[in-house]
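Just so it is clear, the values below take in all heavy atoms, side chains as well, and ignore hydrogens, waters and symmetry mates.
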Amino acid sequence: MQAASRESYRAAVERLETYVRGAQPSAIAATADELLAVAGLLRREPRLRRALSDPARPGTDRAALVAGMLGGKVGAATLDLVGSLVAGRWSTSSELLDGAERLGVDALLAGAESNGDLGEVEDELFRFGQLVDAEPQLSNLLTDPIAPVAQRAGLVRDLLAGKARPATVALVEVALAGFGGRSLHGALTRLVELAADRQDRQVAYVTVAAPLGDDEERRLGDQLARIYGRQVDVKQNVDPAVLGGVSVQVGPDLYDGTVLRRLSQTRNALAKR
């Protein structure tokens, strides 16, 4: 987002956090669903998006337009939050859509946190991403651009029924819709990171040939926490192809000490001789 859009988004987030402090988890979850429904409306209606981000129209007018359109159809909290969102300055209409979608995700995460489930939601999102990566047929079904998102979301609900928390299922549906213009894998990864960030944690994606033991994982997490200055959640991916060693990805930082990498370096060096 450009500077003006970031400022407008932050103002709406502050309003959300004020609301969350006095609301029940069920009410927050309902508000999140409504915010994401509004984001879906903005995605389907580019003309509306442009009207609600038009810099030539005063913010109060844009908020009034939303109030007239959504009044009686969504809760008071949702109406207030969307009004705050559209009243701000947006650099482009697509950034307004991104802001609305992100605000809905923020509300889902806040509801899970209020319910004491945020850590479990983070883990469930990661495990679902691993499942999709490990099952090519499932991945093809969930990323099929021809299949409507609603159809793919129905498949996800069937798969996760009784196995994941409602917030997790809702967030996977957001990922299916291409959260922030990302692929399914990219969207799930970003949602895991947002869940961790709300808990003031960093995520480390660790690839190993064989699973780390609990003590090894804890020591690695402690070492990374000293480097990054905050608690680190270690997410393991077991891939026998790396042969041995450890690869660690933390945000843009990659520490690759796998045997596969060392072999590749040796092969490349020999090829240059």
Are any of the side-chain nitrogens in D215 or R218 under 4.0 Å away from the carboxylate oxygens of its partner?
-> yes

Report yes or no: does R49 contribute a side-chain atom to a donor-acceptor pair with the main-chain N or O of L42 at less than 3.5 Å?
-> yes

Using a cut-off of 6.0 Å, state whether more than 12 heavy atoms not belonging to R89 lie near its atom CZ.
-> no

Do L254 and S247 pass the side-chain contact (heavy atoms from CB on, under 4.5 Å) test, and can you show the C-alpha distance, the side-chain angles, and the key distance before you say yes or no?
-> CA-CA 7 Å; L254 175 63; S247 171; 3.5 Å; yes

Using atom types as modelled and distance alone, determine if a side-chain donor or acceptor of T143 lies under 3.5 Å from a backbone N or O of S139.
-> yes

Are the side chain of R62 and the backbone of V86 linked by a donor-acceptor contact shorter than 3.5 Å?
-> yes

Between D54 and A56, is there a donor-acceptor pair closer than 3.5 Å when you use the side chain of the first and the backbone of the second?
-> yes

Between V248 and V246, is any pair of side-chain heavy atoms under 4.5 Å apart?
-> yes

4.5 Å side-chain heavy-atom contact, R152 and L141 | no

Inter-residue atom distance L85.CG - L35.CG, 0.5 Å rounding | 8.5 Å

When you measure from the side chain of Q236 to the backbone N and O of L212, does any donor-acceptor pair fall under 3.5 Å?
-> yes

May I ask you to test the Q202-V250 pair for a side-chain heavy-atom distance under 4.5 Å?
-> yes

For R102, check salt bridge (Lys or Arg N to Asp or Glu O under 4.0 Å) against everything at least two apart and list the hits.
-> D106

hydrophobic_cluster_shared for L97 and L176, side chain cutoff 4.5 Å = no

Using atom types as modelled and distance alone, determine if a side-chain donor or acceptor of E101 lies under 3.5 Å from a backbone N or O of G180.
-> yes

In Å and rounded to the nearest 0.5 Å, what is the CD to CG distance from E135 to L142?
-> 11.0 Å

CG on L125 to CD on E120, rounded to 0.5 Å | 12.0 Å

Nearest 0.5 Å, what's the CD-CG distance between E193 and D233?
-> 11.5 Å

Salt bridge (Lys or Arg N to Asp or Glu O under 4.0 Å) evaluation trace for D80 with R15 = CA-CA 9 Å; D80 177 68; R15 212 172 186 97; 2.7 Å; yes

Separation between CG (D33) and CD (E173), nearest 0.5 Å, reads 9.0 Å

Within a reach of under 6.0 Å around CD of Q199, are more than 12 heavy atoms found that belong to other residues, nucleotides or ligands?
-> yes

For the pair E7 and R10, evaluate salt bridge (Lys or Arg N to Asp or Glu O under 4.0 Å) and give the outcome as yes or no after the intermediate values.
-> CA-CA 5 Å; E7 184 177 335; R10 280 197 296 265; 5.5 Å; no

With a cut-off of under 6.0 Å to the ring centre and 45° to the axis, is K235 in cation-pi contact with Y205?
-> no

Taking the side chain as every heavy atom from C-beta outward, state whether V203 and F126 have any pair of such atoms under 4.5 Å apart.
-> no

Linking I/L/V/M/F/W/Y whenever their side-chain heavy atoms sit closer than 4.5 Å, directly or via other members, would V232 and V208 fall into one cluster?
-> yes

Distance in Å, F179 CZ paired with D98 CG, rounded so as to fall on 0.5 Å steps = 8.0 Å

Hey, are the side chains of R182 and T189 touching, using non-hydrogen atoms and a 4.5 Å cut-off?
-> no

Considering residues at least two apart in sequence or located in another chain, which fulfil the salt bridge (Lys or Arg N to Asp or Glu O under 4.0 Å) criterion with D197?
-> R230

So do the side chains of V13 and L103 get within less than 4.5 Å of each other, counting heavy atoms only?
-> yes

Would L36 end up clustered with L118 when hydrophobic side chains under 4.5 Å apart are linked, directly or stepwise?
-> yes

Step by step, work out the side chain to side chain donor-acceptor pair (under 3.5 Å) result for Y19 and T31.
-> CA-CA 10 Å; Y19 159 69; T31 298; 2.8 Å; yes

Under 6.0 Å from the CG atom of D214, do we count more than 12 heavy atoms belonging to anything else shown?
-> no

side-chain contact (heavy atoms from CB on, under 4.5 Å) between Q223 and L220, intermediate numbers included = CA-CA 5 Å; Q223 290 171 352; L220 177 59; 4.1 Å; yes

Student check: side-chain heavy atoms of L171 and L109 closer than 4.5 Å | yes

Can V132 and L184 be said to form a side-chain contact (heavy atoms from CB on, under 4.5 Å), step by step?
-> CA-CA 9 Å; V132 173; L184 176 58; 4.2 Å; yes

Report the C-alpha separation of E122 and R198 in whole Å, then their side-chain angles, then the decisive distance to 0.1 Å, and conclude whether the salt bridge (Lys or Arg N to Asp or Glu O under 4.0 Å) test is met.
-> CA-CA 10 Å; E122 179 191 335; R198 189 168 182 90; over 6 Å; no

Indicate if V82 and V20 have the same hydrophobic cluster label, given that clusters are the connected sets of ILVMFWY residues with side-chain heavy-atom separations under 4.5 angstrom.
-> yes

Stacked cation flag R6 on Y9, 6.0 angstrom / 45 deg | no

With distance as the sole test, does S93 use its side chain to make a donor-acceptor pair with the main-chain N or O of S53 at under 3.5 Å?
-> no

side-chain contact (heavy atoms from CB on, under 4.5 Å) between R50 and L96: does it pass, once the steps are laid out?
-> CA-CA 9 Å; R50 288 194 293 270; L96 170 60; over 6 Å; no

Would you call F128 and L160 a side-chain contact if the rule is heavy atoms closer than 4.5 Å?
-> yes

Check G104 against A32 and note the closest heavy-atom contact, atom names and distance.
-> O-CB, 3.8 Å

